[in-house]
Enquirer: 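Below is one structure. I have some questions about it.
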Amino acid sequence: MADTDVGAGYEVRDRVAIITLNAPPVNGLSQALRAGINDGLHRAHADDGVGAVVITGAGKMFCGGADINEFGSGEVTEPDVNNICAFMESMAKPVVAAIHGHALGGGMELALGCHFRIATKDAKIGFPEVTLGVLPGAGGTQRTPRLAGVAVALDLILSGRMIGAKDAQEYGLIDAVAQGDLLEDAIALALDATGRGEGLPTAKALPVKGADTAAETIAAALEKVLRRAPDAQAPKAIARCIEFAASGKDFEEGLKFERKEFLDLMNGTQSKALRHLFFAEKAAVKIPNLEKDLPLRQIERVGIIGAGTMGGGIAMNFLNAGMPVTLLEIAQDALDRGIEKIRSTYASNVEKGRITQAQMDTRMALLNGSTDYADMADRDLVIEAVFENMKIKQDVCATLGEVCKEGAIIATNTSTLDVDIIAEATGRPADVLGMHFFSPAHIMRLLEVVRGAKTAPDVLATVMQLARRINKVAVVSGVCYGFIGNRMLESYLREMDYLLMEGATPAQLDAALEGFGMAMGPCRMMDMAGIDVNAFVLDGREAEGALPDTPSYRALVRELGALGRNGQKAGKGYYKYDGRTPVEDPEVNRIAADLAAKFGIRRRNDITDAEICDRLLYPLINEGFKIMEEGIAYREGDIDVVWTAGYGWPPLTGGPMHLAETIGLAKLRDRLVELGKQTQDRFEFFTPAPLLSRRADEETSNPTEKSNA
Ligand code: 3HC
Ligand code: NAI
């Protein structure tokens, strides 16, 4: 946000001073904006011609909260929102917050310090601070339980979720929903309040609702959150602040308590990591060196080839966004099955109350099936999601190249094949790129957008923008085996099999990685993804001569595949399954021990959780440095987004590349060297990437202060 754009407008209309937050694009509460609001309030207070104040936001929202860029300074500068709220609460003239768009975090806290709040019907309010590893640090933890009660405060502040105006009014967080023009209604409310002749309401004067049962409510809510992220510090601090509010102590003491907790969090590594991810996600959609104002292609109608697992999931993304989809299959029965799967997924969503029947009907009405490629002729974008077989994909793409209209974009959902070869098959490679969705495609947030050697810039830019429309977090990857995510995953899975052959058990491996924070350990993950799928890819890569020249390479997964232990769907894989519950299977340890004997791998019983984490994670990060050096990813932050949005990597560490900085690059390099020695690294699995080595050297010779933002 450029400081020059920032300020608070001031005008008086009808004896009402209107203070307008003006700091595009989200009216973030930077120091300059806070100073502007403060000046406006003092001016209104001192002016006898002013009887009331309305605070409103310019542009598309009231306020997106504190300016997160300022968090790196380590302190909160004056005037802060607490000073502003204290002044408003002391004023004899009513102050009304007029909310449109969003009122989030510090923005909502500013509103809670006003005497009244009115919002448009479609306004959204919330406290997203927890998603940045902090808590509402300007009275949110103290005023919300007073206005809405302990349970609602916990729900909103611990989840960071946004609610609409209707719910906010029901909870007592806003006083009214505008029926006409927001500003006019806010002015009317302010003028009405001047005439009341009674004391003005303040949140701080209210008792905390639900204080008597607060201890149990807080314990239950916290337990639920910590089950998912036991190491997260912000939820615990939030609970302490709400507990303080409920304890009946002085409100001002509560603000001090909250501020200390806020500063501790803001200056901690978790918040730094989460802020890094917030900005990394925003940066990831930006394509460097793109011509300014490049016209984008219009995408409204979508075609999808293949109605299997991925095709159906991909289709739902577009249907959910209100875009018509034609799904094409080779045969009518496969098409019917694919469409039925989409219908039953939506029906189950209706049953669970996630969508309404009307929404389902609208979405299904946008869906058409076809077995005729001529139906692709009017599509703006066609995504192929047929079998992972180059010959089939080339045939399909050659047909698409002929039938698709000029300017249509053709995308492939391949996860392992060369996008450039597929692009050539269309005869129009400039129109082609990869759209690598993750399974289940209608749920997973990540979309890797693969730019081919000949992909036109406007095609890439169009798809990045489209990704946002279908609620995906998009990251650009260059062409290489596995793109960003699966390429890095390969080194992780490689060490998993070696460690199992050395004597670790699947349960031990999973516990170590889940202890680090991965959403799911590698063995459980492989069992869910399907051992056969992975073994099939490895066979293909071996045939191409693309695997390291050792039969021990990922030998266990291939052996499990050969034995039909295809994972959860087969009832056995790295584990055996009791329904969906994994149970340790001594048979797997025996298979691993046999392979170790066959390949001369020494069995050990001294494998620690720390070694497991280092051996799986450090080579994965090392691969990230190779990806950077080769220009496969634009930025290290892009890699972090891939892993946190697509692979269950713990966001509290900021992603693998951010974690590397936290560990220290020299330490990371040295540990890789040490692991290389320990494993007689014949295939250079642990050899530090040149970029990592250079950066580690720089770090050692020039230990500069790292940016805190
Ligand atoms: N501070 C600084 N920059 C912010 C920001 C913030 N709070 N919120 C958004 N931005 C920036 C984004 O980085 C982006 O920058 P770019 O154009 O350079 O990429 C730009 O504003 C536009 O953001 P979006 O693309 O996300 O805009 P949308 O219109 O899609 O969404 C939004 C708007 C819903 C406000 C969304 O940006 C958002 O959720 N922002 C974060 C809100 C938040 O977490 N607020 C709490 C801050 S912590 C706090 O308030 C502490 C307090 O309790 C003391
Ligand atoms: P799938 O086997 O479930 O579905 C493939 C579908 O394509 C089948 O319904 C088949 O009938 C259809 N098909 C095959 N040839 C066709 C043709 N010539 N014309 C029209 N339809 C045809 O496979 P899945 O899992 O959906 O995978 C599809 C693609 O998505 C593959 O390239 C795969 O690598 C990729 N992918 C798969 C992921 C997964 O987890 N399953 C994740 C990411 C990508």
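Indexing begins at 1, ligand by ligand and atom by atom, following the structure's order. Numbering of residues begins at 1 and proceeds along the displayed sequence.
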Enquirer: Who's the nearest protein heavy-atom neighbour of atom 40 (O) of ligand 2, and how far?
Expert: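 Its nearest protein heavy-atom neighbour is Ser439 CB, 3.3 Å.
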Enquirer: Counting heavy atoms only, name the option from Leu29, Val26, Val285 that's nearest to atom 10 (N) of ligand 1.
Expert: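 Nearest heavy atom to atom 10 (N) of ligand 1 lies in Val26.
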Enquirer: For the side chain of Thr141 and the backbone of Ile242, is there at least one donor-acceptor N/O pair under 3.5 Å apart?
Expert: no
Enquirer: CE of Met316 to CD1 of Ile443: how many Å apart, nearest 0.5 Å?
Expert: 7.5 Å
Enquirer: Need the ligand 2 atom indices (1-based, order shown) with element for anything under 4.0 Å from a heavy-atom of Tyr373.
Expert: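 Result: 19 (N).
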Enquirer: Quick test of your reading of the model: are Asp638 and Arg635 salt-bridged, counting only N-O distances below 4.0 Å?
Expert: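 Yes, Asp638 and Arg635 are salt-bridged.
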Enquirer: Working note: Asn22 + Thr20, criterion side-chain hydrogen bond (donor to acceptor under 3.5 Å, both in side chains); need CA distance, chi angles, decisive distance, verdict.
Expert: CA-CA 6 Å; Asn22 191 359; Thr20 306; over 6 Å; no
Enquirer: Just need the protein heavy atom nearest to atom 18 (N) of ligand 2, so name the residue and atom and give the distance.
Expert: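 Nearest neighbour among protein heavy atoms for atom 18 (N) of ligand 2, to 0.1 Å: Val396 CG2, 3.4 Å.
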Enquirer: For Glu129, is at least one N or O under 3.5 Å away from an N or O on ligand 1?
Expert: yes
Enquirer: Between ligand 1 and Gly65, can you find any atom pair, the residue atom being a heavy atom, that is separated by under 4.0 Å?
Expert: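 For ligand 1, residue contact (heavy atoms, under 4.0 Å) with Gly65 is present.
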Enquirer: For Asn486 and Glu490, run side-chain hydrogen bond (donor to acceptor under 3.5 Å, both in side chains): C-alpha distance rounded to whole Å, both residues' side-chain angles, the deciding distance at 0.1 Å, then the answer.
Expert: CA-CA 6 Å; Asn486 283 344; Glu490 185 69 22; over 6 Å; no
Enquirer: Using distance alone, determine whether Ile68 and ligand 1 share an N or O pair under 3.5 Å.
Expert: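 Yes; at least one N/O pair falls below 3.5 Å.
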Enquirer: Going by distance only, is there an N or O of Pro136 that falls short of 3.5 Å from an N or O of ligand 1?
Expert: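 Looking only at distances, the answer is no, because the N/O contact criterion of under 3.5 Å is not met.
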Enquirer: So if I count the atoms of ligand 1 from 1 in the order they appear, which ones are less than 4.0 Å from some heavy atom of Phe279?
Expert: 13 (O)
Enquirer: To the nearest 0.5 Å, how far apart are CG in Asp395 and CG in Leu400?
Expert: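 Asp395 atom CG to Leu400 atom CG measures 11.0 Å (nearest 0.5 Å).
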Enquirer: Among all protein heavy atoms, pick the one closest to atom 39 (C) of ligand 2 and tell me residue, atom and distance.
Expert: Met310 SD, 3.7 Å
Enquirer: Between Thr414 and Glu388, does a side-chain hydrogen bond (donor to acceptor under 3.5 Å, both in side chains) hold up when you go through it step by step?
Expert: CA-CA 6 Å; Thr414 182; Glu388 187 73 344; 2.8 Å; yes
Enquirer: So if I count the atoms of ligand 1 from 1 in the order they appear, which ones are less than 4.0 Å from some heavy atom of Pro25?
Expert: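 Listed by number with element, the hits are 20 (C), 21 (O), 22 (C).
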Enquirer: Tell me the contacting part of Phe71 for ligand 1: side chain, backbone, both, or neither, using a 4.0 Å heavy-atom threshold, strictly below.
Expert: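 Under 4.0 Å from ligand 1, Phe71 contributes side-chain atoms alone.
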Enquirer: Which residue and non-hydrogen atom of the protein lie closest to atom 22 (C) of ligand 2, and at what distance in Å?
Expert: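 In this structure, atom 22 (C) of ligand 2 has Val386 CG1, 3.4 Å as its nearest protein heavy atom.
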Enquirer: Of all the atoms in ligand 1, which lie at a distance below 4.0 Å from a heavy atom belonging to Gly105?
Expert: 50 (O)
Enquirer: Can a non-hydrogen atom of Leu132 be found less than 4.0 Å from any atom of ligand 1?
Expert: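 Judged by the 4.0 Å heavy-atom criterion, Leu132 does count as contacting ligand 1.
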Enquirer: So, does His436 use its side chain to make a donor-acceptor pair with the main chain of Thr416 at under 3.5 Å?
Expert: no
Enquirer: May I ask you to list the atoms of ligand 1 that are less than 4.0 angstrom from any heavy atom of Phe278?
Expert: 8 (N), 9 (C), 13 (O), 40 (N), 41 (C)
Enquirer: Please check: side-chain N/O of Arg580 versus main-chain N/O of Gln568, any donor-acceptor pairing under 3.5 Å?
Expert: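 It does not hold such a pair.
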Enquirer: Report yes or no: does a heavy atom of His436 sit under 4.0 Å from some atom of ligand 2?
Expert: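 Yes.
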Enquirer: Please verify whether a non-hydrogen atom of Phe127 lies at under 4.0 Å from ligand 1.
Expert: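 Per 4.0 Å heavy-atom rule, Phe127 does not contact ligand 1.
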Enquirer: To the nearest 0.5 Å, how far apart are CG in Leu33 and CG in Asn38?
Expert: 11.0 Å
Enquirer: For Trp643 and Tyr647, take the angle between the two ring planes, folded into 0 to 90°, and tell me which bin it lands in: parallel under 30, tilted 30 to 60, perpendicular over 60.
Expert: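 Because their plane-to-plane angle is under 30°, the rings of Trp643 and Tyr647 count as parallel.
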Enquirer: Can you check which of Lys286, Arg275, Lys282 brings a heavy atom nearest to atom 17 (O) of ligand 1?
Expert: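 Shortest heavy-atom distance from atom 17 (O) of ligand 1: Lys286.
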Enquirer: Verify, without hydrogens or angle tests, whether Asp527 (side chain) and Tyr574 (backbone) share a donor-acceptor contact under 3.5 angstrom.
Expert: yes
Enquirer: So if I count the atoms of ligand 2 from 1 in the order they appear, which ones are less than 4.0 Å from some heavy atom of Gly306?
Expert: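 Near Gly306, the atoms of ligand 2 are 7 (O), 12 (C), 21 (N).
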Enquirer: Just to be sure I read this right, does ligand 1 sit under 4.0 Å from the backbone of Ala66, its side chain, both, or neither, counting only heavy atoms?
Expert: both
Enquirer: Please could you name the atoms of ligand 2 that Ile305 approaches to less than 4.0 Å, counting only its heavy atoms?
Expert: 19 (N), 20 (C)
Enquirer: Relative to the heavy atoms of Gly106, which atoms of ligand 1 are at a distance of less than 4.0 Å?
Expert: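 With Gly106 as reference, the close atoms of ligand 1 come out as 49 (C), 50 (O), 52 (C), 53 (O).
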Enquirer: Can you name the one residue among Leu433, Val450, Leu417 that meets side-chain contact (heavy atoms from CB on, under 4.5 Å) with Ile422?
Expert: Leu417
Enquirer: Among all protein heavy atoms, pick the one closest to atom 30 (O) of ligand 2 and tell me residue, atom and distance.
Expert: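 In this structure, atom 30 (O) of ligand 2 has Asn413 ND2, 2.9 Å as its nearest protein heavy atom.
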Enquirer: Does the pair Arg343/Glu340 count as a salt bridge with the N-to-O cut at 4.0 Å?
Expert: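 Glu340 and Arg343: salt-bridged.
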Enquirer: Going by heavy atoms, is Phe437 under 4.0 Å from ligand 2?
Expert: yes
Enquirer: When only distance counts, is Thr131 in polar contact with ligand 1, meaning an N/O pair under 3.5 Å?
Expert: no
Enquirer: Of the protein's non-hydrogen atoms, which lies at the shortest distance from atom 33 (C) of ligand 2, and what is that distance?
Expert: Glu388 OE1, 3.6 Å
Enquirer: Once rounded to the nearest 0.5 Å, what's the spacing between atom CD of Gln142 and atom CD of Glu252?
Expert: 10.0 Å
Enquirer: Which atoms of ligand 1 have any heavy atom of Met61 under 4.0 Å away?
Expert: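 Answer for ligand 1: 33 (C), 35 (C).
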Enquirer: Within the 4.0 Å heavy-atom shell around Lys60, which atoms of ligand 1 are there?
Expert: 27 (O), 28 (P), 29 (O)
Enquirer: Relative to atom 30 (O) of ligand 1, which among Met162, Arg468, Glu109 owns the nearest non-hydrogen atom?
Expert: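 When every heavy atom of Met162, Arg468, Glu109 is considered, Arg468 comes closest to atom 30 (O) of ligand 1.
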Enquirer: State the atoms of ligand 1, each with its element, that fall below the 4.0 Å cut-off from a heavy-atom position in Asp67.
Expert: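 Every atom of ligand 1 under 4.0 Å from some heavy atom of Asp67: 1 (N), 2 (C).
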Enquirer: Hey, could you give me the CG/CG distance between Leu104 and Leu29, rounded to the nearest 0.5 Å?
Expert: 10.5 Å
Enquirer: Who's the nearest protein heavy-atom neighbour of atom 2 (O) of ligand 2, and how far?
Expert: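 The protein heavy atom lying closest is Phe387 CE2, 3.3 Å.
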Enquirer: Give the atoms of ligand 2, by number and element, whose distance to some non-hydrogen atom of Lys393 is under 4.0 Å.
Expert: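 Numbered from 1, ligand 2 contributes 31 (C), 32 (O).
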Enquirer: Which atoms of ligand 2 have any heavy atom of Gly308 under 4.0 Å away?
Expert: 3 (O), 4 (O), 6 (C), 9 (O), 26 (O)
Enquirer: Would you give the length of the straight line joining atom CG of Asn317 to atom CD1 of Ile304, rounded to the nearest 0.5 angstrom?
Expert: 8.0 Å
Enquirer: Short N/O distance, under 3.5 Å, between Gly64 and ligand 1?
Expert: yes
Enquirer: Distance to 0.1 Å, residue and atom name: give those for the protein heavy atom nearest to atom 25 (O) of ligand 2.
Expert: Thr309 CB, 3.8 Å
Enquirer: Could you check whether Arg34 pairs with Glu70 (Lys NZ or Arg NE/NH1/NH2 to Asp/Glu carboxylate O, under 4.0 Å)?
Expert: yes
Enquirer: Give the C-alpha distance, both sets of side-chain angles, the deciding distance and a yes or no for side-chain hydrogen bond (donor to acceptor under 3.5 Å, both in side chains) between Asp640 and His276.
Expert: CA-CA 9 Å; Asp640 291 331; His276 158 74; 2.7 Å; yes
